[in-house]
> 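Take a look at the following structure, please.
Order of appearance sets the numbers: ligands from 1, and atoms from 1 within every ligand.
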Amino acid sequence: MHRKTIVELQAALEAGQISSVELTQAFLDRIDHHQDLNAFITITAEAALEQARASDDRRDHEAPRPLEGIPIAHKDIFCTQGLITSCGSRMLANFVSPYDATVIQHFKAAGAIILGKTNMDEFAMGSSNETSFYGPVKNPWANQAVPGGSSGGSAAAVAAQLAPAATGTDTGGSIRQPAALCGITGLKPTYGRVSRYGMVAFASSLDQAGPMTHTAADAALLLNIMAGFDPKDSTSVDKPVPDYTATLNDGLKGLRVGLPKEYFGDGLAADVAQAIDASVETLKKLGANIVDISLPNSTLAVPCYYVLAPAEASSNLSRFDGVRYGYRAADYDDLNDMYRKTRSQGFGEEVKRRIMIGAYTLSAGYYDAYYLKAQQLRRLIADDFHTAFGQCDVILGPTTPTTAFDLGAKTDDPVSMYLNDIYTIPANLAGLPGMSIPAGLGEDGRPIGLQLIGNAFEEARLLNVAHQYQQATDHHKQTPEGY
Ligand code: GLN
């Protein structure tokens with residue numbers, strides 16, 4: 001049962017082949033059995049079974065809701081009422097949220113069951129899940145490898161089939177990059193498509209939540225639930241939500257697929273390049289036309305992001321001061337000493353690095369040279385996409401330059417860690433939707449991700465292309481040995 005997609009599980013529940021209690025118990029057993037992956041921070045076994053029982057009862061006398069009885073895991077960045085919401089940090093390790101994030105409310109209203117909260121890089125800052133206060137997550141494909149980050153727990157949980165699907169968030173690649181490294185499907189929607197209310201803020205102009213699943217069809221089901229206007233998030237967009245499942249089967253004849261030359265240059269591993277080339281051939285066979293395009297400023301996306309994201313983070317994280325909620329140092333002399341000790345002890349190294357960079361680039365005298373310049377560059381990067389979408393309908397490239405690297409391989413070199421997101425960050429800076437889908441295995445037997453980037457609010461098209469690709473290939477069906 002655990003190898004089924006949500007679409008298949010829905011059918012099994014509907015046909016009475018399995019109950020939600022049995023299904024939930026099966027996933028809880030797997031979570032328990034594979035605790036060594038460290039994919040979960042909190043497991044809500046009892047509450048999950050109670051929700052599943054209620055769901056089974058409900059199914060007896062009411063039409064099932066869209067995700068009735070389906071167990072889902074949530075990244076520990078989403079506030080969940082009555083549960084610890086740690087964001088992977090010591091700072092929030094004791095924080096029990098008094099309310100649900102809008103995304104969580106939507107899942108509950110759709111009938112989904114919460115299995116638990118998944119491990120993540122501290123405050124979503126990282127590409128390997130190694131900055132988590134709770135320790136790194138292992139990649140199910142190779143236990144010595146990272147699962148990617150920051151949604152590493154969610155990606156590993158889905159890849160190891162500890163949950164049929166999970167939520168993630170993506171500020172610079174944190175859904176797509178771990179999806180690629182763990183061989184699953186991940187979608188970052190257009191900025192503003194999904195409410196950020198109740199999602200712990202990292203860089204507010206970039207953060208977006210999205211689904212992490214086995215297939216594009218499942219991602220469409222989940223996006224139907226997650227997307228929509230929320231008056232509680234002033235950046236959420238008031239635009240009707242289409243039924244993302246309705247266009248999955250549209251043909252790709254005449255689809256213009258843009259290949260940005262900057263995504264195929266130095267730094268791209270040969271085995272990844274080969275897999276992406278093969279994917280292009282598959283899409284051609286499905287009727288797509290290939291167009292060569294250029295995103296000339298995308299090579300500057302990483303430095304641009306590492307000015308803007310830390311600037312926003314330094315502001316967002318000022319709220320963690322030991323006064324309002326979360327961690328407070330035990331011993332201190334006066335208020336300033338309390339702030340200093342609380343923040344020194346509560347935050348990890350990477351978070352501190354970002355706060356310092358952000359405070360520096362926003363300071364008087366440096367603002368114009370760094371922050372303002374980065375904002376101008378962000379505009380140029382967005383303009384590149386605007387031009388490109390005059391020539392093509394979707395952009396295709398690799399999600400990451402290499403397959404999953406080993407634990408510890410990049411922890412001493414932040415810049416090499418940051419460069420892992422070179423292909424994902426541009427879409428965040430431009431606010432565009434992006435998706436990663438499995439495209440085969442590398443020479444080391446670790447998964448390769450194919451990235452699709454769409455124009456604003458064109459999630460339906462991305463899902464359509466991904467679904468057609470998955471109908472023609474089996475990469476998304478491959479599972480790590482032992483799971
Ligand atoms: N790896 C990037 C960072 O460390 C992106 C993280 C994310 O998308 N949350 O900031």
Side-chain angles (χ1 to χ4, degrees), residues 75-78 87-89 118-132 136-137 146-155 166-182 186-189 191 194 196 199-212 301-317 347-358 361 374 378 399-402 404-405 409-411 413-436 449 451 453:
K75 185 176 182 179
D76 208 18
I77 199 169
F78 293 99
C87 216
S89 182
T118 57
N119 202 345
M120 57 180 284
D121 278 301
E122 185 177 11
F123 286 104
M125 298 175 192
S127 306
S128 66
N129 220 113
E130 291 168 295
T131 73
S132 171
V137 174
V146 302
S150 64
S151 312
S154 288
T167 51
T169 62
D170 191 313
T171 304
S174 281
I175 288 176
R176 290 161 288 158
Q177 188 257 13
L181 269 43
C182 288
L187 169 67
K188 178 202 97 72
Y191 183 74
V194 174
R196 292 185 299 109
M199 211 173 95
V200 179
F202 163 12
S204 308
S205 77
L206 300 157
D207 300 340
Q208 255 300 285
M212 302 179 76
V302 170
C304 173
Y305 172 89
Y306 278 98
V307 172
L308 297 180
E312 295 186 29
S314 75
S315 166
N316 271 327
L317 271 58
F347 290 136
E349 291 304 304
E350 184 61 26
V351 172
K352 285 180 196 163
R353 179 173 14 248
R354 307 256 181 139
I355 292 173
M356 284 192 285
I357 294 171
T361 59
R378 180 176 190 174
T399 309
T400 58
T402 63
F405 45 94
K410 295 184 198 269
T411 36
D413 183 358
V415 174
S416 87
M417 186 72 89
Y418 297 169
L419 282 169
N420 214 255
D421 294 324
I422 189 154
Y423 304 134
T424 51
I425 284 176
N428 298 80
L429 290 170
L432 300 174
M435 201 169 172
S436 181
Q451 184 177 206
I453 301 172

> Answer side chain, backbone, both or neither: which part of Y306 comes under 4.0 Å from ligand 1, heavy atoms only.
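Within the 4.0 Å criterion, Y306 contacts ligand 1 through side-chain atoms alone.
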
> Distance check, rounded to the nearest 0.5 Å: Q177 atom CD versus Q451 atom CD?
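Q177 CD to Q451 CD: 11.0 Å, rounded to 0.5 Å.
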
> Looking only at N/O atoms, are T169 and ligand 1 under 3.5 Å apart anywhere?
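No, no N or O pair falls under 3.5 Å.
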
> Closer than 4.0 Å to some heavy atom of A124 - which atoms of ligand 1 meet that?
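Those qualifying, in numeric order: 6 (C), 7 (C), 9 (N).
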
> In terms of side-chain geometry, is the basic nitrogen of E350 or R354 positioned less than 4.0 Å from the acidic oxygen of its partner?
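A salt bridge is present here (some side-chain N lies under 4.0 Å from a carboxylate O).
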
> Going by the order shown, which atoms of ligand 1 are within less than 4.0 Å of some heavy atom of S150?
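Atoms satisfying the 4.0 Å criterion: 9 (N).
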
> Considering only heavy atoms of S127, which atoms of ligand 1 have at least one such atom less than 4.0 Å away?
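Going through ligand 1 atom by atom, the ones under 4.0 Å from S127 are 1 (N).
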
> Under 4.0 angstrom from ligand 1, any heavy atom of Q177?
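So Q177 does not count as touching ligand 1.
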
> Would you tell me which option among E350, M120, R354 has the nearest heavy-atom contact to atom 4 (O) of ligand 1?
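That would be R354.
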
> Quick one: which ligand 1 atoms are inside 4.0 Å of a heavy atom on Y305?
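That gives atoms 2 (C), 3 (C), 5 (C), 6 (C), 10 (O) of ligand 1.
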
> Between D421 and ligand 1, which residue portion shows a heavy-atom distance shorter than 4.0 Å: side chain, backbone, both, or neither?
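For D421, the contact with ligand 1 is made by the side chain alone.
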
> Is there a polar contact, in the sense of an N or O pair closer than 3.5 Å, between G126 and ligand 1?
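G126 vs ligand 1: N/O contact under 3.5 Å present.
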
> side-chain hydrogen bond (donor to acceptor under 3.5 Å, both in side chains) with R176: which of T399, N428, T424?
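The passing option is N428.
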
> Do G149 and ligand 1 have an N or O pair less than 3.5 Å apart?
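No, since none of the N or O atoms of G149 sits under 3.5 Å from an N or O of ligand 1.
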
> Please confirm whether Y418 approaches ligand 1 to less than 4.0 Å, judged on its heavy atoms.
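The answer is no: ligand 1 sits nowhere under 4.0 Å from a heavy atom of Y418.
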
